[in-house]
Each structure stands twice: as C-alpha cells, then as structure tokens.
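Input: a single structure, listed below in structure tokens.
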Amino acid sequence: MGNLITLWIWVPPKSPVFDYARKEHFNIMYNINQISNYNKTIHDDYENLSCSVFLDSGGFQIKNSNFVLDVSVIKELVEKINKKKPDLCLPLDFPQNLWSPLNVKKKMWSMTFKSLKLFLKFAEEYSLKSEIIPVIHGYSQKAISKAVKNVMALRDWNKIALGGQVGLLRKMYFVPNLGKLFCKNVKTLRDTVGEDVWIHVLGGGGMRTLPLIAILGANSGDSSGWEISASYGRIIVPIKGGAKYLPLQKREPMMNKNEIKLFNECNCPICQKVRGNKMLLFSRSKKLRLIHNFFQLFSLEKELNKVCEESDLLSWVKERYEKSSIWPIFEYSMKISRNNQVL
C-alpha cells in the first residue's frame, strides 16, 4: 500500500484535449493504428511535448478478427515503433475471453508469448530505444503464474502489464463476482512478480478503477472511458466520479440534485470559463464535456497520489466510494490486500 499511481490518458492526436494534456504534462497513451500515418516521431509531431508517451500495439483491436501471427507483421510493428520513439511500448498481444474454452485461452497465450519473443528479436536488430513492457494474460492464479514464469524466463523485467481485464471491468457494475475476479487477478500478479516490479493494468484507469488498482498494489492504469462518456453525452461528476447524463438529455443514468450542485460548483479550467447556462452549453458541446472529463481524471490522479504519500488510501477510498454501487468490490480488494492473500 502507498504506491504512487500513474494515469495514462488515451488522447487522439487531434483531440481538443491534447493542448491541455501537454500543458499539464499529462502522460499520454496511443494505439499504433492511431498514428501510423504520421512520419515523424511522436515527440516531433508535437513541439515541446514534455509528457511521457506509452504506445499500445493494438492487440485489443484485432482480437475478434481472423488475424494470423506472422514474422513480417511483428517486424513491421517494431519498425513503426522505432520511428515513433515512444517512451514505453507494448508488444502485440492477444487478449483472451473469460468464457472461452481452456484450449482457446492456451492458444491465445501461446500467440502472445510467440509475439513477445519475435518482438524482442527485432527490437535488438533495430536497437529499439523504447522500454518494452510484456503483457500478461490469465483469469486464474495458475494461468497468471505460468505466464509470468514464461516471460521471466526470457529476461528480467522491471515493468509488466496485465491485459484482457476490460471485459471484467465493464461488467463488474452488474456482476460483482467479475469485479472480485479482477481484484484476484491484479493481486495474483503483484504476489507473483514481487514488490519491485512496476505493474500497469490495461484499461484500469477510470474514476473508480484507478483507486481500486492502487489498493491492489498496481502502479499504473490507462483510460479512454472519459472520452467515450463525453461522446455519448455524459459528464464525470466531480468528487463522486461516475459518468452521468445531463438532465436536459433525458436519459439514464441521470444526475440527481446533489450531483448537479457538484457539477455547477466544479472549478476545473473549462468550467471556470463557461458563461451563461452551463447545463445547456455542456449538453450541446462534446468539446466542453471532453475537457471537463479530462480534468476530473487529472484531478483524481493528483489527489490519489497525495493520499498514497500520506498512507491514508483506505480511509480516503471509504469516504469517497462507500455509497457507490461497487463498494462491495472495494471492500473485497481491501480484504485481500490486508490479508496479503487471494481469497
């Protein structure tokens, strides 16, 4: 407990949020497919980019396609990454599905591991400067431990990512046991690799999931949910964290009176500049919702790290999330963290 947490924000290259991200030195995450048409390095594309850049190889985007792992594909991927020169990068991985048969899960891990070995081969050939972070997949202690053993046999790693958990995160609001399984997976990875390895949880950077992974001992998460919410007309409610529809849009889940009050009192940079009917303006403007949502996450990371430094994380989480619909999952995460074992 007490690890500082790093949040990576998925910011498309032409997003209106990018200038704010750069100004605030926010860490940015890209998918290789988002910027594959850019000829310069990521840092050259945007002058004075002082934030760190994390490049994802796009495994999630191909998981439902009939993709065939080929040596030339991995070589081309390493070439692209070498041109972009991100600070961190993920080799191409093949996410599993919790409900797939065991033989299919084993096949997907076999492809992920083969991809990693090819990636390392070409990274050496091209003298890749970006730090490589292998992705671990699995939904049980046995599967995760075996995957870690495979990866550590290649070389020592000081950073590792946990993938394939987004499906659990999306459904945990309706099926609490899936949230508990997610907690088990993060805790299992931490217990397996030890305290000195930096862990990134792919998709674990939301307003509720970032504190959750902090409790479980992870160091880093990423989020695109803030942008998706803005696109669908939702804003992140300050302090409480959940994304809700504005009342004018007459959809569910809708903001209640207390949340409207919090929203109207928000002092993020974009809210400070809004004049007139704030509710109406946000209802009509995706750009305003994007920047507002971005700053809610930015504020969360700063507040969370302050709490972690003061070693008061559990009290802070209880005060903030005790009335949340996923409080039982937070309770479970605290329990397995205190007991130092997966239940």
Heavy-atom side-chain contact between [X] and [Y] under 4.5 Å:
| X | Y | answer |
| --- | --- | --- |
| P86 | F54 | no |
| L178 | F182 | no |
| N177 | K180 | yes |
| W8 | T6 | yes |
| R320 | E303 | yes |
| T209 | M172 | yes |
| D56 | Y30 | no |
| L90 | L202 | yes |

*Does F330 have K318 sitting over its ring (NZ/CZ under 6.0 Å from centre, angle to axis within 45°)?*
no
*Decide side chain to side chain contact (heavy atoms under 4.5 Å, CB included) for V135 and L162; before the verdict, give the C-alpha distance in whole Å, the side-chain angles of both, and the deciding distance to 0.1 Å.*
CA-CA 6 Å; V135 185; L162 177 64; over 6 Å; no
*Any idea how Y126 and F122 line up, ring-wise: parallel (<30°), tilted (30 to 60°), or perpendicular (>60°)?*
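It falls in the tilted class, 30° to 60°.
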So how far is it from [X] [atom1] to [Y] [atom2], rounded to the nearest 0.5 Å?
| X | Y | atom1 | atom2 | value |
| --- | --- | --- | --- | --- |
| L168 | L98 | CG | CG | 6.0 Å |
| K187 | L216 | NZ | CG | 8.0 Å |
| N264 | K278 | CG | NZ | 5.5 Å |
| S140 | N185 | OG | CG | 8.0 Å |
| R289 | W226 | CZ | CH2 | 12.5 Å |
| R190 | I199 | CZ | CD1 | 3.5 Å |

Got a sec: does the [atom1] of [X] have more than 12 other heavy atoms crowding it under 6.0 Å?
| X | atom1 | result |
| --- | --- | --- |
| K159 | NZ | yes |
| Q272 | CD | yes |
| E265 | CD | yes |

*asked:* side chain to side chain contact (heavy atoms under 4.5 Å, CB included), that's the test. Do I28 and W10 meet it? Break it down for me.
replied: CA-CA 6 Å; I28 292 176; W10 288 78; over 6 Å; no
Tell me the closest heavy-atom pair linking [X] and [Y], and the distance in Å.
| X | Y | value |
| --- | --- | --- |
| L212 | C183 | CD1-SG, 4.1 Å |
| S115 | I74 | OG-CD1, 3.5 Å |
| K105 | Q96 | O-NE2, 3.4 Å |
| S337 | I215 | OG-O, 3.0 Å |
| L116 | P91 | CD1-CG, 3.7 Å |
| D93 | H137 | OD2-NE2, 2.8 Å |

_Residue pair F295, C266: steps toward the side chain to side chain contact (heavy atoms under 4.5 Å, CB included) verdict_ = CA-CA 10 Å; F295 271 101; C266 178; over 6 Å; no
Treating [X] as the side-chain partner and [Y] as the backbone partner, does any N or O pair qualify as donor plus acceptor under 3.5 Å?
| X | Y | answer |
| --- | --- | --- |
| K85 | N82 | yes |
| N293 | I236 | yes |
| S285 | L281 | no |
| T188 | K184 | yes |
| Q165 | G163 | yes |
| E259 | N256 | yes |

*Are F174 and Y332 connected in the hydrophobic side-chain network, where two residues link if heavy atoms are under 4.5 Å apart?*
yes
*asked:* Please determine whether residues F94 and L102 belong to a single hydrophobic cluster, defined as Ile, Leu, Val, Met, Phe, Trp and Tyr linked transitively by side-chain heavy-atom distances below 4.5 Å.
replied: no
*Take N150 and W109, measure what side-chain hydrogen bond (donor to acceptor under 3.5 Å, both in side chains) needs, and give me the verdict at the end.*
CA-CA 10 Å; N150 290 159; W109 171 248; 2.9 Å; yes
_Go through it in stages, so that I can follow the logic: the residues are L297 and M207, the test is side chain to side chain contact (heavy atoms under 4.5 Å, CB included), and I'd like the CA-CA distance, side-chain angles, deciding distance and then a yes or no._
CA-CA 6 Å; L297 273 175; M207 293 293 290; 3.6 Å; yes
*Residue pair D222, H200: steps toward the side-chain hydrogen bond (donor to acceptor under 3.5 Å, both in side chains) verdict*: CA-CA 8 Å; D222 60 271; H200 177 84; 2.7 Å; yes
_Candidate pair H292 and F263, rule ring pair (Phe, Tyr, Trp, His ring centres under 6.0 Å), full reasoning_ = CA-CA 10 Å; H292 168 86; F263 170 60; 5.6 Å; yes
*For N158 and W198, run side-chain hydrogen bond (donor to acceptor under 3.5 Å, both in side chains): C-alpha distance rounded to whole Å, both residues' side-chain angles, the deciding distance at 0.1 Å, then the answer.*
CA-CA 6 Å; N158 58 19; W198 183 90; over 6 Å; no
_Check against side-chain hydrogen bond (donor to acceptor under 3.5 Å, both in side chains), D312 and S315_ = CA-CA 6 Å; D312 197 28; S315 299; 3.1 Å; yes
